[in-house]
Novice: 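Structure provided below as structure tokens; questions to follow.
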Amino acid sequence: VSQSRYRLGELKNLMYETEQSLLNVSQSQDTPEYKYLSGRLDALTEIYVMTYNLAFALNERIIARG
């Protein structure tokens, strides 16, 4: 589970960095940079959710096996 926590922490850092970059680009949602960063944030969020769910599923499996 500690490896999962590490990965989740790294993903949170990447998400934060991307959010900060989004704040620094033009607020026009039509720019390529804005679209790229917005898509990157969406992808990182999806990966975070999957990793979070996987970590809990693995932990439950470990507990069930005793």
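When a residue number appears, it is its place in the shown sequence, counting from 1.
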Novice: Counting C-beta onward and ignoring hydrogens, is there a side-chain heavy-atom pair between Gln20 and Leu23 closer than 4.5 Å?
Specialist: yes
Novice: Nearest heavy-atom pair of Val25 and Tyr34: which atoms, and what distance?
Specialist: CG2-CD1, 3.8 Å
Novice: Return the CG to CG distance between Leu37 and Leu44, rounded to the nearest 0.5 Å.
Specialist: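 Leu37 atom CG to Leu44 atom CG measures 10.5 Å (nearest 0.5 Å).
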Novice: Would Phe56 end up clustered with Val49 when hydrophobic side chains under 4.5 Å apart are linked, directly or stepwise?
Specialist: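 Result: no, two separate clusters.
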Novice: Parallel, tilted or perpendicular: which fits the ring planes of Tyr48 and Tyr52, with parallel below 30° and perpendicular above 60°?
Specialist: parallel
Novice: Starting from the C-alpha separation in whole Å, work towards a yes-or-no answer on side chain to side chain contact (heavy atoms under 4.5 Å, CB included) for Asn13 and Glu10.
Specialist: CA-CA 5 Å; Asn13 288 337; Glu10 285 298 313; 4.1 Å; yes
Novice: For the atom pair OG (Ser28) and CD (Glu33), what is the distance rounded to the nearest 0.5 Å?
Specialist: 11.5 Å
Novice: Nearest 0.5 Å please: distance from the CG atom of Leu14 over to the CZ atom of Arg40.
Specialist: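 Taking CG in Leu14 and CZ in Arg40, the distance rounds to 5.5 Å.
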Novice: Rounded to the nearest 0.5 Å, how far apart are CD of Glu17 and CD of Glu19?
Specialist: 11.0 Å
Novice: Any chance you could measure Ile62, atom CD1, to Leu58, atom CG, to the nearest 0.5 Å?
Specialist: 6.5 Å
Novice: Do Leu41 and Tyr36 belong together in a cluster built from hydrophobic side chains that touch within less than 4.5 Å?
Specialist: yes
Novice: Test your reading of the model: is there a side-chain donor-acceptor pair from Thr51 to the backbone of Ile47, 3.5 Å cut-off?
Specialist: yes
Novice: Find the distance between OG1 (Thr45) and CE (Met15) and round it off to the nearest 0.5 Å.
Specialist: 3.5 Å
